[in-house]
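Before any comments, here is the structure.
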Number of protein chains: 2
Amino acid sequence: MKSMASTSEKILDIAQSLIVTGGYNGFSYADISAAIGIRKASIHHHFPTKADLVSALVDRYRRQAEAGLTFLREQASSPAEQLQSYMNYWQTCIRDASLPFCVCAMLASEMQMLPEEVASRVRAHFHGLAGWLASVLQAGVEQGLFRLDKRPEEEAQVLMASLHGAMLSARAFSDPGLFVAIVAPQIARLRSPDC
Amino acid sequence: MKSMASTSEKILDIAQSLIVTGGYNGFSYADISAAIGIRKASIHHHFPTKADLVSALVDRYRRQAEAGLTFLREQASSPAEQLQSYMNYWQTCIRDASLPFCVCAMLASEMQMLPEEVASRVRAHFHGLAGWLASVLQAGVEQGLFRLDKRPEEEAQVLMASLHGAMLSARAFSDPGLFVAIVAPQIARLRSPDC
DNA sequence: AATTACCTTCCTACTAGTAGGTAGTCAAAA
DNA sequence: TTTTGACTACCTACTAGTAGGAAGGTAATT
């Protein structure tokens with residue numbers, strides 16, 4: 001009985017996949033309406049305005065991301081494997097096209113014209129991800145596994161930018177393999193030479 | 001008399017800045033119309049369809065980019081300085097907000113829903129930029145200035161992804177300085193240790 | 001047990017405004 | 001005189017959003 005998703009969840013599912021392919025202005029209530037067989041007005045019942053809908057969408061995405069990252073921290077044995085697993089997660093999403101781009105990266109590219117309530121949530125996701133990466137790098141340094149040229153926070157920014165840039169290139173060239181080809185060397189170069 | 005830009009150039013100027021902030025679906029003929037004081041129908045005279053307009057826009061952008069990159073190759077003395085100058089160019093664009101994002105990077109994020117005539121041009125820009133970067137890296141290796149872990153083409157992809165990711169982060173955090181903070185270390189690490 | 005009231009979800013039908021695009025006109029320039 | 005570049009006026013389709021109501025479930029009141 002777990003597969004029975006509520007209507008509002010279905011709305012968010014569709015909206016998310018539409019945003020990932022076309023951004024904030026790339027979808028409409030009518031698109032969602034057609035996709036799940038419900039009238040436009042019914043979607044407005046669940047999410048009065050588009051800003052409400054996308055805000056709820058980003059909130060859910062952030063909760064899922066945070067849960068996933070926490071799981072990785074607890075599950076994967078070493079910081080190096082945590083980064084590897086995170087990369088593998090995205091590799092799978094891109095390969096099977098289930099989520100071929102980060103929702104917040106997509107929205108960030110349109111940052112200047114997003115409703116403020118959405119923009120602030122997108123910023124929060126960037127902060128959260130950068131923080132997680134920095135803490136993983138920090139742990140790796142403490143365990144003598146990583147050798148960083150800069151402070152963990154700065155290296156985390158470099159790594160996050162590589163991740164997003166790699167998603168963009170994979171999309172531009174329609175080549176899912178390009179994502180790993182770009183990200184893997186960036187993770188590899190962090191490894192301390194003596195291990 | 002050189003400052004007297006033609007109407008079609010003015011249309012492309014406005015459209016470019018609108019695309020850079022909001023993407024393909026983030027602007028309309030009415031927006032351009034209002035910005036340059038001309039009727040919508042007059043814009044259709046110059047560019048019959050939106051796909052025509054954006055195609056012409058990307059063509060012009062690609063010509064300018066190619067000219068700029070060729071100039072850098074001829075002007076800057078060493079491959080290292082060529083990369084540095086390219087980064088500085090974008091730093092200036094981002095700082096003064098004249099072009100705070102690459103037109104083609106913006107469009108690439110919406111790749112899947114672009115008209116094919118636009119999509120192919122965006123892909124061509126990615127190929128061209130990756131090729132230029134690869135040739136600069138290749139030259140650097142031949143002159144003993146760079147020490148690469150991988151083939152120049154692969155390193156070029158890594159570098160290009162960092163550039164685009166850095167633009168995105170700078171935008172997400174509204175922090176122009178973040179662009180250089182991310183890209184500079186990526187260029188620095190290419191340098192051969194013995195020089 | 002039946003009534004009352006409320007809540008949720010979805011519906012039809014509508015609005016004002018915007019989207020990209022077209023037809024036909026007209027003045028000035030080539 | 002033909003071409004260019006602008007115009008007015010219009011079209012159809014779609015945009016986000018609203019009004020009001022029907023159907024069903026829940027829960028307390030009578």
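The figures here come from the full heavy-atom set of this structure, side chains too, leaving out hydrogens, waters and symmetry mates. Every chain is numbered from 1, with letters handed out A, B, ... down the list of sequences.
- At a cut-off of 3.5 Å, with distance as the only test, a side-chain donor of Gln138(B) or Glu142(B) sits close to an acceptor on the other residue.
- Straight-line distance from the CD1 atom of Ile36(A) to the C1' atom of dC10(C): 11 Å, rounded to whole Å.
- The phosphate of dG5(D) has neither OP1 nor OP2 within less than 4.0 Å of any side-chain N or O from Ser42(B).
- Between dC10(C), dT4(D), dC7(D), one nucleotide has an atom nearer to the side chain of Arg39(B) than all others, and that is dC7(D).
- Counting heavy-atom neighbours within 6.0 Å of Glu117(B) CD, excluding the residue itself, gives a total above 12.
- Taking side-chain N and O atoms only, Thr7(A) has no distance below 4.0 Å to OP1 or OP2 of dT9(C).
- By the neighbour-count criterion of 12 heavy atoms within 6.0 Å, atom CZ of Arg147(B) is sparsely surrounded, having that number or fewer from other residues, nucleotides or ligands.
- In the hydrophobic clustering of this structure, Phe71(A) does not group with Trp90(A); members are Ile, Leu, Val, Met, Phe, Trp, Tyr whose side-chain heavy atoms approach within less than 4.5 Å, directly or through other members.
- One can place CD1 of Ile32(A) at 16 Å from P of dC14(D), the figure rounded to the nearest angstrom.
- To the nearest 0.5 angstrom, Tyr29(A) atom OH is 11.5 Å from Ile38(A) atom CD1.
- Distance check: Asn88(B) CG to Arg95(B) CZ gives 10.5 Å after rounding to the nearest 0.5 Å.
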### Query
How does each nucleotide of nucleotides 15-30 of chain C score, in 5' to 3' order, for protein heavy atoms under 4.0 Å: base (B), sugar-phosphate only (S), or none (-)?
----SBBBB-------
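- If you check the side chains of Thr21(A) and Gln112(B), you find no donor sitting under 3.5 Å from an acceptor.
- Atom pair His45(B):NE2 and dT3(D):P shows a separation of 13 Å (rounding to whole Å applied).
- Within a 6.0 Å radius of CD in Gln143(A), more than 12 heavy atoms belonging to other residues, nucleotides or ligands are found.
- Each end of the helix from dA1(C)-dT30(D) to dA30(C)-dT1(D) gets its own axis from five base pairs, and the two axes differ in direction by 10°, given to 10 degrees.
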